[in-house]
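Note that this is a predicted model, so its numbers are computed, not measured.
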Amino acid sequence: MQTIDRRGVLGLAASALAIGSGIRSSSAASEGIETIDVTPALISAAQREGKVVVRYSSPVDEMAQMSEAFYKRFNITVQADRKVGVLGTQQFATEERAGRHIMDVNYSADPTGIKDLAEEGYYLRFTLPDLEAKLDKAAYLPTLGYCPKWTEVVISYNPSAIPHERARELFKTWNGLLDPALKGKIGLNEPAGGGVPFATYLMFYRNPQYGKEFLAKLAAQRPRLYPGSAQAREDLGAGAISVFIPNWESIAMIGVLRGDKTAWTYPDIAPAFANTYFCISKNAPNPNAARLFAAWFFTPEGAAVMQLAQAKPTLKNQPEMRTAVAELKKTDWWRPYPEEIRWIPDTDDWIKSSDTLIPEMRRTLGWRG
Amino acid sequence: MASISIANLRKSFGRVEVVKGVNLRINSGEFVTLLGASGSGKTTTLRMLAGLERADSGTISVNGSVLNGEGNFVPAHKRGMGMVFQSYAIWPHRTVYQNVAFPLRMKRVRPAEERAKVERILELVELPVAKFGDRYASQLSGGQQQRVSLARALVADPQVVLYDEPLSNLDARLRESMRTLLRTIHKETRLTALYVTHDQLEAMVMADRVCVMDQGIIVQEGAPRDLYDRPANQFVAEFIGQANIFDLSDVSREKGAVRLSNGISLNIPPGNWPNGEATRDRKLVIRHHHACVLTNDAPAGADNLLPGRIKDSIYLGDRIRTTLTLAGALEFVAEGIDGPSTSDIGKDVIVAVPPQFCIVV
Amino acid sequence: MMFTTKNVGAIHRSGEDHARAVCSSSSAPASIERRVPLTEASAIPERIEAIDRGRSVAGERIRAAVTWLFLAVVTVLVVTPMAAIVFGAFRTRSPGDPRATFSLQSIEAVYLGLFNGGWTQSATLHTVLLAIPVTISATALGLFLAWAVTRTNMPGKRWFEFGFLLSLLYSPLVGVIGWTVLADPAAGLLNGLWSALTGASDPLFNIYSYGGIAWVMIFFFAPYAFLLNVGGFRSLDVTLEEVAAVSGANLFKRMMLITLPVMMAGIAAAALFIFTLALEQFAIPGFLGTHVQFDTLAYAIFLRTNAYPSDLPGAAAAGTLLLILSSIGLFAYRRLTRHSERFVAVTARGYKPGVTELGAGRYVLFGVCLLIFIVGIAAPLIAVALRALLPVRTMTFDPGSLTLDNFRVLFSAADMLLGLRNTFYLAFGAATACSVIGLVVAFQITRRKSLAKSILDYMIALPIGVPGTVFGVGMLWAYVRTPLYLTLGILLLAFVIRYLVYSVRSIGGALMQIDKALEESAAVAGATPFKSFMFVNLPLLRPVLASAWLLVFLIVMREISSSIILYGAHTVTLPILTWNYLNDGSYGVASALAITQIGIVGVVFIVLTRFFGADLRARAAE
């Protein structure tokens, strides 16, 4: 391990080199916002660095496939460091404040933390060329974080407990969950258990056809509460519960490929959001590789890699190439994601209300205090 | 008061048979010592009597009721005995009073009676309750701990008291005072007692009867004086007291004489022969202090005179130990009161051994 | 015994008190048992001492200086992360954040919250309601098993001795998987069997309940009480029990009135150990408790570090609350064991382990132990093994669906070998470091008392009093600037700091049981403290050192909560891999990893017990 000072100097030198060679300064440079495009110059500068350090909270398999593809394409090693939840952001903050520049890219799910750290100047302000054409507004935190895949919430059920026709009928809306037959058979991811459950409960709060009362009605169904979605999916497959919310489609697809006995439907409205963002450290020790990594997954080539991991790319007009979809098309119950149900949470609302709403939601679901 | 009867008791640990058929009777009120070297099986015998070990075969009965026999085993806590361990075994988390009161509490004795009994017994072992009652073991000396242990063993009026080398951890002075204390107590109480020790002096001082154990069996038992004066075999002779032991080249009971390997013949009175006819491997035993070193000429008509030369002599305060070389390179040790010239090394002398002290084993 | 020189006799003539003064260097009440070694040994050393005097005074100073330096380093290491945590608790934001200011807000939210319905109120209540019964039951169960294995003639003892420790080989998460497979009220295999047999519609077991959580925790923690007391039972002076038997106390009374009180130091240490573990355990109540809204403090803290909005100052503040709770446990332990001399059970005399002959009762005991083993340990383990062989969890058991796919996935994973290697480095390293440092610290604390050392004694207990995640955050704050950061070194340091208390306590407990006379007699015989330590204490301590080593080894083999904060891409460990697989829903692969880990650790364990098992037999032959 090198000393901090030396590392800092090296980092600066590398940045200088990067600006001179690979990174194209754009018109936005006056505002300090860099446009990152995947150019041969960037690629060769990144290759000279030879590696990129990524913190991530997404599934291990997905990152393994992303790393492998990135290495195959560019011969650049991805050192992937998994930190679930907000830990990655916290760790990065602690490092940077102590003057340690270790991480290049953060691929994490903490918009509050990302904004905080950007204000402190630890994240690079950047954008992608032709952003409007490439990505939906909901898929990025402007100038800061860009999300390569959609998280699309669905209602998962166990077909041996609820037949497909019955499920499609019942779960046309979320109100189907209030069916008395489902009492004690619903699994809920608890509100503090991550972005997906919070987004879903926030959707109830923000849409008058459900409202915050809906959560109380759900609570009256005596649901099982899960700290994480993985345990709930496991229980759903085993038949311990008949229905689980909120699940999301890409992860459910991985389960189908593995042989999980679960299926899902799309209700009238469902959160679809950018759960995890690529952010680049301003002091990235491998600045070019960091930029290449963050930008490449928004090219058709990179988006295809996301599809390899069964994720749905945010890149517009990307043809469907997921193997799970091919499998699902053979079933009689699956249909493609209906775009009209997409509800995109407002990031500002999210950041402002999570502090107060999470405890309130937990209280509604039966926690004391 | 209880009498004990032990018949054909056997015990093995793994493949090693430690006790190989012990027979022993202890009369009511008798104080019997089991004397033996370590590994002789004496402690195991005691532990079987206490109920701490189960006999492989044989019977133990107290007052005619069988404690350990065919398909019958009364556990230690139902035997109503008292026991004193070599390690004292004072419970470190309890005070002196609580240690001593424990057997009474197990018998559910009323508190007032308990108090009285504990006070009396602690008085007896010279640890007045007022001064020592609230102390813990760590605040007591070894001698005091052993007295607590003794008090605990005696407090509940046991049928039998068992002692497992109780004094061997104490230094000589304390040992002597404890011996005296034990003797006094047993003279007073006349409790039936079995006392295990490897110290012959202790055995002889304490006991009405001493049983010598060797390799898992009792080789000889009797009053201390009998054992001392009439050892049944070489082991006993050597283990109890100190003796000169000689191989014999010729043994003739009819003539009442034996011949040593150096050719000297000694007269043996009829009472000093062992039972049984076998004459092979007989030995002659002469206690050190039964021999007298004569610097002058021997008195006329004296029997059993051995000429020798003084090789070494040690002053022991109350007596003197003289080592002599006899003819045929035999060595002889004599102990007696200090006399003139007995310490002149190299001097030729005569050792006189009265026939009544020559014992054939 | 004969006295050969006059001056020895002189010591004795002047009486016991004089002897005590001569041979007792400390002011501690002198046990007179030390007199025998003294009489044998005191003549020669006087001469040696006279020759050595000049050299040994300087040597003494150097030794003292080295000792103090060593203790100071240990103190600084231990205090640093704890200080970071306390500092963090008084900030508005994480330390280092330029916007952070000093504030009581987190402290108030945690402590006033206890009374005005804050986030800590019900969580704290639940934590205590869980920790106390679990501590008592697990300690009692572990003691019972330790007694059965060491002090009876029950058949199959050696197998049980291994079997009862099996659940130490895997993480609590694995236990949760196993129990969920078995006792889920809707899909548990046992409940399925029950319904099939009786036609009952109500489940027999519900693992998602207070009772279920307590049940899993009791079986999870009982092996610690077992492990920590096996040595105590083995080294207990049995004549203490035998004299009670002769005095009329039956087996039960001997146990309650003599054995357990005499072993109280070890038992209290085990109970304290379990109590702190139960307080900071988040996985079991976290996974099983959310279903019934049963929050514990450790889980609530975990959420604050792991879910958003994150609240590290709040987590740190709540960490101090848990620290206070565990300190109450520590205080109780101190009260119980304050008279160390009352737990002296291994005397200078030497001892032999005694076995209670149980007659036919030994088969009854065997049956009870077998039942405990099957119900508490084997059943969940079999369930985990089953899960490892199934692609997806099912409600019914179909032998046709068994497959090794999960193992294939596991062994083709890139991190598997790296994780295995790292975990072994850390477990071996931390166990060895804790044993060595623990030996020195324990000796200093129990034998050469001073105020500073008493403070150190309290200090080393602090890191285990806070939940692992909070401790990890403290380590992160404290060490992010050092070259140790993101290396195996920081994990090793974290484990040593956190688990040092275990080795110090168990070694200290054993030292309390070894009569001071033993080492003092060696000292009188002219041995330096180091030599007397090496020749007197070390051989006697070998079994307890071995079990302290093993304890830390096993804990590190499954440590998650601190590692999760401190690990990096190159320092991933097996428990972290398990955690990641579980997080991704790969329960099958996580189970396969657990089974693999149990296999590997089991082999290490067997190899080790062979070594010190032989050692124990040697002691039994004395």
Side-chain angles (χ1 to χ4, degrees), chain B residues 47 50-54 73 75-95 98-108 135-146 149 152-153 155-156 158 160-162 164 168-175 199, chain C residues 1-3 8-9 11-13 15-17 19-20 28-36 38-39 237-254 257-265 339-345 347-351 354 356-357 359 513 515-516:
Chain B
R47 290 170 58 82
L52 297 173
E53 306 280 358
R54 198 186 285 243
F73 180 76
H77 65 270
K78 290 182 181 161
R79 293 194 179 188
M81 298 182 179
M83 185 160 173
V84 180
F85 285 82
Q86 179 180 12
S87 63
Y88 324 140
I90 302 298
W91 300 306
H93 63 296
R94 288 170 171 253
T95 61
Q98 290 166 337
N99 263 281
V100 175
F102 187 85
L104 298 172
R105 293 199 180 152
M106 291 302 106
K107 287 172 89 177
R108 299 178 191 284
R135 292 201 190 171
Y136 285 88
S138 55
Q139 297 159 300
L140 297 175
S141 72
Q144 289 166 338
Q145 289 193 51
Q146 195 56 304
S149 176
R152 182 177 58 188
V155 71
V160 176
V161 195
L162 307 173
D164 185 7
S168 62
N169 282 341
L170 302 178
D171 62 60
R173 277 173 61 85
L174 272 173
R175 219 179 300 175
D199 182 332
Chain C
M1 210 167 299
M2 288 285 183
F3 301 129
V8 174
I11 289 173
H12 280 270
R13 269 192 297 279
E16 291 166 9
D17 291 333
R20 192 180 298 178
S31 162
I32 273 311
E33 297 186 356
R34 61 186 54 135
R35 289 151 94 264
V36 175
L38 173 76
T39 57
D237 178 2
V238 281
T239 58
L240 296 180
E241 290 174 341
E242 287 177 348
V243 76
V246 176
S247 303
N250 60 28
L251 186 59
F252 178 74
K253 282 182 181 158
R254 291 203 292 275
L257 298 175
I258 307 297
T259 313
L260 297 184
V262 167
M263 288 179 60
M264 195 45 80
H339 294 293
S340 71
E341 71 277 8
R342 288 182 200 164
F343 306 104
V344 174
T347 66
R349 303 289 146 243
Y351 52 89
T356 309
E357 303 277 342
Q513 287 204 337
D515 200 296
K516 284 178 190 137

(message) Using a 4.5 angstrom heavy-atom cutoff, name the option from B:Lys78, B:Met83, B:Arg79, B:Arg105 with the most pairs to chain C.
(response) B:Met83
(request) Could you tell me whether a side-chain N or O of B:Arg94 sits under 3.5 Å from a main-chain N or O of B:Asn99, the two making a donor and an acceptor? (result) no
(request) Pick whichever of B:Leu52, B:Val155, B:Leu104 has the most heavy-atom pairs under 4.5 Å with chain C. (result) B:Leu52
(message) Please enumerate all residues that pass side chain to side chain contact (heavy atoms under 4.5 Å, CB included) together with B:Asp199, with sequence neighbours excluded.
(response) B:Arg175, B:Thr197, B:Leu201, B:Glu202
(request) Mind listing the closest non-hydrogen atom pair of B:Val161 and B:Ala153 along with its distance? (result) CG1-CB, 4.3 Å
(message) Can you tell me which portion of B:Arg152 sits under 4.5 Å from chain C's heavy atoms? Options are side chain, backbone, both or neither.
(response) side chain
(request) Would you mind checking which part of B:Arg135 comes under 4.5 Å of any heavy atom in chain C, side chain (CB onward), backbone (N, CA, C, O), both or neither? (result) neither
(message) Can a side-chain donor-acceptor contact be found between B:Gln146 and B:Ser149 if the only test is distance below 3.5 angstrom?
(response) yes
